[in-house]
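Worksheet: one structure, shown below.
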Amino acid sequence: MSIVAQKAARIVAVGGVALAAMGTTVAYAVGDTTSTKLSNGTLSFTAVNGRYIGTTGTNFFSSTTYHKTGGSTVSLTFGLDTQKAEYNSGTKTVKAGQTVSHNFGGKPVSDILKCYAIGFMRSGGKLYETPSIKNLC
C-alpha cells in the first residue's frame with residue numbers, strides 16, 4: 001500500500017474504478033504505481049488486488065501508461081507479465097506531448113505465482129519494463 005501524505009490526494013485508476021485517498025490525517029491508498037524514466041518519456045504501471053476495491057480477491061487489476069515527452073511518433077504495445085501469463089494490448093501510436101494507456105482489467109491472482117507483476121512496453125524492436133509491483137496476492 002502507498003502512504004498518502006497529509007492533505008494530499010492520490011488517485012489510482014484500475015479496472016475502470018478511480019480510487020482516492022485524501023484527508024487531514026495520514027491515510028492509505030490501495031494499490032501501487034511504479035515507473036521507468038525513458039529518454040523520450042515515462043512508462044508507468046499501476047496494479048491492485050481486487051479485494052481493495054470492493055471486488056473479489058481472486059482478481060487483480062492493472063494498467064500501463066506511457067507519457068511521451070519528445071522524439072518522433074512511435075507505435076507501441078503494452079504488456080503485463082505475471083510469471084504464469086503474458087497479456088498484451090493492441091498496437092497504439094503516440095507522438096510527443098501525448099499519453100496513451102491500456103487497462104488490462106481483472107486478471108486471476110493465480111497467474112501471479114510470486115505475488116508480483118511487471119508492466120512493459122514494446123516499441124521499435126525494444127522492450128521497456130517498469131519495476132515490479134509486489135504483494136498482489
Side-chain angles (χ1 to χ4, degrees):
M1 289 188 180
S2 300
I3 296 176
V4 178
Q6 188 172 353
K7 294 187 180 185
R10 179 175 182 174
I11 296 176
V12 177
V14 291
V17 177
L19 308 169
M22 185 165 101
T24 57
T25 60
V26 174
Y28 290 91
V30 299
D32 205 356
T33 300
T34 61
S35 60
T36 299
K37 179 99 170 134
L38 305 172
S39 61
N40 286 321
T42 302
L43 176 65
S44 301
F45 176 60
T46 299
V48 62
N49 185 294
R51 71 178 170 264
Y52 295 116
I53 57 173
T55 68
T56 177
T58 60
N59 285 326
F60 74 101
F61 298 83
S62 65
S63 63
T64 306
T65 301
Y66 179 55
H67 176 70
K68 186 163 178 59
T69 57
S72 59
T73 300
V74 296
S75 294
L76 59 86
T77 57
F78 289 121
L80 166 64
D81 179 3
T82 66
Q83 300 98 57
K84 183 177 178 182
E86 182 178 297
Y87 301 96
N88 293 281
S89 71
T91 301
K92 300 176 183 285
T93 302
V94 61
K95 62 182 180 180
Q98 290 183 325
T99 300
V100 293
S101 61
H102 182 76
N103 183 338
F104 290 96
K107 300 298 180 202
V109 168
S110 60
D111 278 0
I112 46 178
L113 302 176
K114 297 180 183 177
C115 292
Y116 71 86
I118 296 170
F120 64 88
M121 175 179 78
R122 286 189 178 99
S123 181
K126 295 183 180 179
L127 175 68
Y128 305 92
E129 294 184 335
T130 65
S132 63
I133 293 181
K134 299 179 172 123
N135 302 316
L136 291 174
C137 295

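- Put simply, the side chain of Lys92 never gets that close to the backbone of Thr77: no donor and acceptor are under 3.5 Å apart.
- Residues Gly119 and Thr64 come closest through the heavy atom pair CA-OG1, 4.1 Å.
- With rounding to the nearest 0.5 Å, the separation of CZ in Phe45 from OG in Ser62 is 4.5 Å.
- Between Ser35 and Ser44 the shortest heavy-atom distance is CB-OG, 3.5 Å.
- Note that the CG atom of Leu80 and the OG atom of Ser89 stand 10.5 Å from one another [nearest 0.5 Å].
- Between Ile118 and Thr130 the shortest side-chain heavy-atom distance falls below 4.5 Å.
- Asn135 contributes atom CG, which lies 10.0 Å from atom CG of Asn49 (distance to the nearest 0.5 angstrom).
- No cation-pi contact links Lys107 to Phe61, judged by a cut-off of 6.0 Å to the six-membered ring centre and 45° from its axis.
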Checklist entry - Step by step, would you call Thr93 with Thr73 a side chain to side chain contact (heavy atoms under 4.5 Å, CB included)? => result CA-CA 7 Å; Thr93 302; Thr73 300; 3.4 Å; yes

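- A side-chain donor-acceptor contact under 3.5 Å links Gln83 to the backbone of Tyr116.
- Shortest non-hydrogen contact noted between Thr65 and Ser101 is OG1-CB, 3.3 Å.
- Thr82 places a side-chain N or O within donor-acceptor distance of the main-chain N or O of Asp111, the cut-off being under 3.5 Å.
- Listed by first then second residue, pairs satisfying disulfide bond (SG atoms under 2.5 Å apart) with a partner in residues 72-137 read Cys115-Cys137, not counting sequence neighbours.
- In this structure, CG on Asp81 lies 6.0 Å from CZ on Phe120, to the nearest 0.5 angstrom.
- Put simply, the side chain of Val109 does not reach to within 4.5 Å of the side chain of Leu136, judged on heavy atoms.
- With values rounded to the nearest 0.5 angstrom, Leu38 atom CG is found 6.0 Å from Leu43 atom CG.
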Next on the checklist: What verdict does the side chain to side chain donor-acceptor pair (under 3.5 Å) test give for His67 and Thr99, after you've listed the backbone C-alpha separation in whole Å, the side-chain angles of each residue and the deciding distance to 0.1 Å?
Outcome noted: CA-CA 4 Å; His67 176 70; Thr99 300; 2.6 Å; yes

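- Between Glu86 and Arg122, at least one side-chain N (NZ, or NE/NH1/NH2) sits under 4.0 Å from a carboxylate O, which counts as a salt bridge.
- Side-chain atoms of Thr36 and Pro131, non-hydrogen and from C-beta on, do get closer than 4.5 Å to each other.
- In this structure, Lys68 NZ and Leu76 CG are separated by 9.0 Å, a value rounded to the nearest 0.5 Å.
- With Thr46 contributing its side chain and Ser63 its backbone, the two residues share no donor-acceptor pair below 3.5 Å.
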